[in-house]
Amino acid sequence: MKPRFPALLLLAPALLWLAFTAGLSILRYRLNLSSTFDFGIFSQMYYYMDKGLGPLTTCERDGLLSHFAVHLSPIFYLLLPVYHLFPFQETLLLLQALLVISGLIPFLLLSRRLGLSSWEQLGFGMMYCLYPAFMGGCFYDFHENAFLAPLVLWVLYFLETERIPEMLFFAALLLSVKEDAPVYAACIGLYAVLTPAKRRAKGRRIGGALLFLVSCLYFCFAVWYINQFGDGAMISRFDNYISNKRLGLISMFKTILVDPAYVLSQIFASDKLIFLLQMLLPVGFLPVLTRKWQRWILLIPFVLINLMSNYPYQHSIYFQYTFGSGALLLFLALLNFADRSPLAVLNLRRRLRTLLVLAALISGLALTERTVLLKSHYLRLWSASRQELQTVRGLLARLPKNASIKSSTFLVPLLSQRDEIYQLDTLHPTDYAVVDLRPGSQSDPEAELQRLNEEGYRLWDYAENYVAVLSRSDSSSRN
Amino acid sequence: MKRMRGWMERMGGYKGNWLRLMLIGWMLTNTLCLMMSPGGPLTLDFVRRIPLVNYLGLLAGICLCLNILYFMPFCVRRLPLSLVPSTVIYLATAAVKADLFL
């Protein structure tokens with residue numbers, strides 16, 4: 001097979017992946033199944049950024065606030081030029097899918113760099129496309145974590161090729177994803193420092209040391225910034241390790257040091273075992289098949305971010321927390337597969353290695369098929385309710401652009417391109433209130449309508465069994 | 001000269017083994033804490049009950065003892081260092097104690 005053939009052959013599955021993931025995540029939004037958290041927030045944030053006013057939102061913390069007070073993610077500005085050209089919510093979802101699948105490029109380059117044959121490159125390329133956590137993560141609408149998959153792989157590619165300036169450039173982009181992104185960068189840096197390198201590969205170690213130091217410093221700065229100027233770093237997700245509230249994250253280190261049995265009991269909790277299999281089966285357990293302890297450093301983000309926390313979304317393949325650790329697991333699978341040294345567990349057992357990759361591809365296919373089947377019902381929903389959806393969109397489009405609105409969570413993304421949009425339980429007085437009447441979408445809509453009525457809102461328009469729009473008597477004349 | 005060479009060789013081995021010695025020390029400290037502290041180990045209360053200063057003191061003492069042992073004159077050959085026994089002892093103690101408190 002010619003060297004470029006794997007890339008050409010992988011173009012078809014990659015495009016199929018992109019079409020399916022982008023198409024159905026857009027459909028999810030069009031079906032009004034996306035909620036305020038997180039798509040409503042990001043949609044309104046881009047609306048403000050496009051106006052040149054910074055990453056502001058009103059629906060995130062019930063008041064005008066910069067999103068950077070909650071998460072420090074300057075990387076969002078990278079997508080702004082495209083959003084400026086196509087200022088729609090759909091643009092963000094398409095770009096997210098494109099970002100995630102673009103990680104295939106550094107992954108293929110890495111497989112070539114590590115000396116894999118064309119067939120092996122093809123196999124690993126398919127492994128990337130069939131990795132269920134990547135597709136699943138895109139279906140919880142838009143999130144900055146999607147940047148992690150390609151950026152982690154680019155950093156690793158430039159590290160392996162010893163192109164340090166490029167590596168540092170991508171590392172800077174990686175750090176700007178979120179305040180916890182330094183965890184990935186620091187682990188990559190530490191891995192580079194501790195891996196025995198050839199004599200002429202000194203640059204790799206220096207680059208790794210620099211990356212580790214900068215990541216640690218940036219992490220401290222990001223946490224300080226959020227604590228000082230924002231809402232405070234979200235450490236509540238690690239509450240199960242914080243033995244002393246006053247000390248915060250520091251007491252987490254005490255827990256790990258003093259009681260590793262407790263940490264293990266938290267990691268291997270029954271609800272996390274399925275997730276563990278969903279993450280490791282599609283890579284054939286290759287990431288853990290090594291005796292080189294330095295490589296285990298790259299598993300730290302997976303353990304720390306996905307397995308240690310009891311926050312349920314962090315150990316689910318249908319949310320965005322798996323992009324970074326998934327990329328590291330794929331890289332480790334590639335590295336351990338390509339390793340021919342005596343310390344490699346799979347050394348000399350070529351047949352076993354090939355079998356593991358095949359098993360990984362089969363489990364990846366099975367898990368991706370499950371996601372495809374789960375998400376395909378959006379197509380059925382779309383064809384069943386197309387007319388109704390058009391009516392609702394038309395109705396909500398009639399709301400004045402400058403009006404302030406409070407709305408049920410699943411209709412916030414659709415209404416988010418305005419200065420003021422709040423959740424329905426806000427204390428802010430608004431011009432309009434939008435209540436979702438779909439069964440299961442809003443807890444007790446009748447009571448909600450009654451409450452709004454008492455607050456002085458009167459029915460403005462409605463779509464039967466779907467949505468009711470109420471306006472304050474004084475605001476209709478104003479708009 | 002011979003002594004010096006032996007010491008140097010041992011130092012070479014030590015350089016590769018210091019991490020293992022530390023980890024063994026850590027496991028032994030945790031096993032001691034498990035045995036000494038009342039209450040189940042799989043709770044945050046267990047962590048709260050152990051003062052960090054006391055824990056670090058114990059850890060430092062055990063690591064120091066292990067390091068001294070490593071340089072004893074009777075340890076002519078490189079000591080075979082394995083993490084397995086200390087880890088198994090710790091996990092077994094934790095399992096027994098957790099079972100007792102369930």
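These numbers come from the heavy atoms of this one structure, side chains and all, not from hydrogens, waters or symmetry mates. Chain letters run A, B, ... following the sequence lines, proteins first, then strands; residues in each count from 1.
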Measure B:Thr29 against the heavy atoms of chain A and call it side chain, backbone, both or neither at under 4.5 Å. neither
Nearest non-hydrogen partners of A:Pro260 and B:Trp26, listed with the distance: CG-CZ2, 3.9 Å
Side chain / backbone / both / neither for A:Leu247 at chain B, heavy atoms under 4.5 Å: neither
To the nearest 0.5 Å, tell me how far B:Arg48 CZ sits from A:Ser251 OG. 8.5 Å
To the nearest 0.5 angstrom, please state how far the CG atom of A:Asp259 sits from the CG atom of B:Leu44. 8.5 Å
Ignoring hydrogens, what is the shortest heavy-atom contact between A:Lys254 and B:Leu52? Give both atom names and the distance. CG-CD1, 3.5 Å
Does A:Leu257 offer a backbone N or O that forms a donor-acceptor pair with the side chain of B:Tyr55 under 3.5 Å? yes
Chain B contact via A:Ser265 - side chain, backbone, both or neither, heavy atoms under 4.5 Å: side chain
Under 4.5 Å heavy-atom distance to chain A, tell me which part of B:Leu56 shows up: side chain, backbone, both or neither. side chain
Using a cut-off of 6.0 Å, state whether more than 12 heavy atoms not belonging to A:Ile274 lie near its atom CD1. no
